[in-house]
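Worksheet: one structure, shown below.
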Amino acid sequence: PYDVERYNQIREIAAEMTSAQFDVEPVRIRQFFAAETGYATPKVDVRGVVFRDNKLLLVRESCEGKWTLPGGWGDVGSSPAENAVREVREESGFEVRAQKLLAVFDRSKHPHEPPFPFHIYKMFFLCELVGGSPKLSSETDGVDFFSEDALPELSISRTTPGQIHRMFEHHRNPNLPTDFDPMP
């Protein structure tokens, strides 16, 4: 009972702090927190990194009209690589095979906007293009390949310019090790 009481107090303090940061009513934050059960762990966002003719595949999110690497939340029951392959197919129409984990980043340590009220790990997989053709989806209204010096407006919530440039560095130097955020 003591631990439950302390947990509820901490959750209330967290709701007040989050409410102030995001200018949202505390009751909505409490409802959001209450919906999350179990041990608090980071969510996993997977991104497919696909090159063709030295250009990078990006999709335009229909909800905001900005571009990003194809990807999204990892689904339970599939590996992160399987999720990345599925996301590329669903959002772009292209068939790919995951080849290498290029990066694992903590979203909160990068300049994503807006900040999220929960923790997210972002996994970037180099994927080999093996088939398919551009196809729009319920989530995307654009599919194209872009050179590094001609990038469109990015969805900073999903992918930052720095992350895109790092993926081009991996493309130019395939022997780079997997990136991750360093220890402080």
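- Shortest non-hydrogen contact noted between Gly48 and Val88 is CA-CG2, 3.8 Å.
- Residues Ser92 and Val59 approach most closely at CB-CG1, 3.9 Å, considering heavy atoms.
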Using salt bridge (charged side-chain N to carboxylate O under 4.0 Å, His left out), reason through Asp45 and Lys43 one step at a time and then give a plain yes or no.
CA-CA 7 Å; Asp45 175 315; Lys43 291 186 176 288; over 6 Å; no
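- Interatomic distance, CD of Glu5 versus CD1 of Ile10, reported as 11.0 Å (0.5 Å rounding).
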Tell me, with the steps shown, if Leu58 and Ile164 meet side-chain contact (heavy atoms from CB on, under 4.5 Å).
CA-CA 10 Å; Leu58 298 176; Ile164 295 290; 4.0 Å; yes
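- Proximity of Arg89 to Glu95: side-chain heavy atoms (C-beta onward) are separated by under 4.5 Å at one or more points.
- Within 6.0 Å of atom OH in Tyr121, 12 or fewer heavy atoms from other residues, nucleotides or ligands are found, so the atom counts as exposed in its surroundings.
- Of the possible polar contacts, none joining the Thr160 side chain to the Ile156 backbone as a donor-acceptor pair under 3.5 Å is found.
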Quick one: do Glu61 and Glu91 satisfy side-chain contact (heavy atoms from CB on, under 4.5 Å)? Show the steps, please.
CA-CA 9 Å; Glu61 293 285 335; Glu91 294 186 354; 4.2 Å; yes
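- When side chains are defined from C-beta on, Glu90 does not count as touching Ser137, because their heavy atoms never get closer than 4.5 Å.
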Go through the steps to decide whether Thr68 and Thr159 satisfy the test side-chain hydrogen bond (donor to acceptor under 3.5 Å, both in side chains), and finish with yes or no.
CA-CA 6 Å; Thr68 185; Thr159 310; 2.6 Å; yes
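- Distance alone, capped at 3.5 Å, places no donor-acceptor pair between the Arg60 side chain and the Gly65 backbone.
- Counting only residues at least two apart or in different chains, ring pair (Phe, Tyr, Trp, His ring centres under 6.0 Å) contacts with residues 141-162 comprise Trp67-Phe146, Phe94-Phe145.
- Ring pair Phe118/Trp73 is tilted by interplanar angle, where 30° to 60° counts as tilted.
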Please determine whether salt bridge (charged side-chain N to carboxylate O under 4.0 Å, His left out) holds for the pair Glu64 and Arg158, giving the CA-CA distance in whole Å, both sets of side-chain angles, and the decisive distance to 0.1 Å.
CA-CA 11 Å; Glu64 68 176 346; Arg158 293 168 181 84; 2.6 Å; yes
Residues 170-184, side-chain donor-acceptor partners within the protein, below 3.5 Å, at least two apart:
from: His170; atom 1: NE2; to: Leu102; atom 2: O; distance (Å): 3.4
from: His170; atom 1: NE2; to: Asp179; atom 2: OD2; distance (Å): 2.8
from: His171; atom 1: NE2; to: Asn54; atom 2: OD1; distance (Å): 2.9
from: Arg172; atom 1: NH1; to: Glu148; atom 2: OE1; distance (Å): 2.6
from: Asn173; atom 1: OD1; to: Asn175; atom 2: N; distance (Å): 3.3
from: Thr178; atom 1: OG1; to: Leu101; atom 2: O; distance (Å): 2.7
from: Asp179; atom 1: OD1; to: Arg166; atom 2: NE; distance (Å): 3.4
from: Asp179; atom 1: OD1; to: Arg166; atom 2: NH2; distance (Å): 2.9
from: Asp179; atom 1: OD2; to: Arg166; atom 2: NE; distance (Å): 2.7
from: Asp181; atom 1: OD1; to: His110; atom 2: NE2; distance (Å): 2.7
from: Asp181; atom 1: OD2; to: Asp106; atom 2: N; distance (Å): 2.5

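- Hydrophobic cluster membership is shared by Phe124 and Phe168, with clusters built from Ile, Leu, Val, Met, Phe, Trp and Tyr side chains linked at under 4.5 angstrom.
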Decide side-chain contact (heavy atoms from CB on, under 4.5 Å) for Leu129 and Arg52; before the verdict, give the C-alpha distance in whole Å, the side-chain angles of both, and the deciding distance to 0.1 Å.
CA-CA 8 Å; Leu129 183 60; Arg52 183 176 73 187; 3.9 Å; yes
Test salt bridge (charged side-chain N to carboxylate O under 4.0 Å, His left out) on Glu12 and Arg30; report intermediate values, then the result.
CA-CA 7 Å; Glu12 183 61 29; Arg30 281 189 218 97; 2.7 Å; yes
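- A distance of 7.5 Å separates CG in Asp144 from NZ in Lys55, rounded to the nearest 0.5 Å.
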Run the numbers on Leu69 and Leu57 for side-chain contact (heavy atoms from CB on, under 4.5 Å), then give the verdict.
CA-CA 7 Å; Leu69 293 168; Leu57 174 65; over 6 Å; no
Identify every side-chain donor-acceptor pair in residues 15-26 under 3.5 Å, counting partners at least two apart or on other chains, and give the distances.
from: Thr18; atom 1: OG1; to: Ala14; atom 2: O; distance (Å): 2.8
from: Ser19; atom 1: OG; to: Val24; atom 2: O; distance (Å): 2.3

Mind running side-chain hydrogen bond (donor to acceptor under 3.5 Å, both in side chains) on Glu139 and Ser62 for me, showing each step along the way?
CA-CA 6 Å; Glu139 297 178 61; Ser62 52; over 6 Å; no
When you look at Arg86 and Glu82, which way does the salt bridge (charged side-chain N to carboxylate O under 4.0 Å, His left out) test go after all the steps?
CA-CA 6 Å; Arg86 176 187 46 76; Glu82 291 168 334; over 6 Å; no
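- Residues Val50 and Leu56 are not in side-chain contact: their nearest non-hydrogen atoms beyond the backbone lie 4.5 Å or more apart.
- With sequence neighbours excluded, the residues satisfying side-chain contact (heavy atoms from CB on, under 4.5 Å) with Arg97 are Glu128, Val130.
- At a threshold of 4.5 Å between side-chain heavy atoms, the hydrophobic network of Ile, Leu, Val, Met, Phe, Trp and Tyr places Leu151 and Val49 in one connected group.
- Contacts of Arg107 classified as side-chain contact (heavy atoms from CB on, under 4.5 Å), with partners at least two apart in sequence or in another chain: His112, Phe116, Ile120, Lys122, Ser157.
- Rounding to the nearest 0.5 angstrom, the gap separating the CG atom in Asp53 from the OG atom in Ser147 is 11.5 Å.
- The two residues Pro80 and Met123 come nearest to each other via the heavy atoms CB-SD, 3.8 Å.
- Phe125 meets the ring-ring contact (aromatic ring centres under 6.0 Å, His included) test with no other residue; sequence neighbours excluded.
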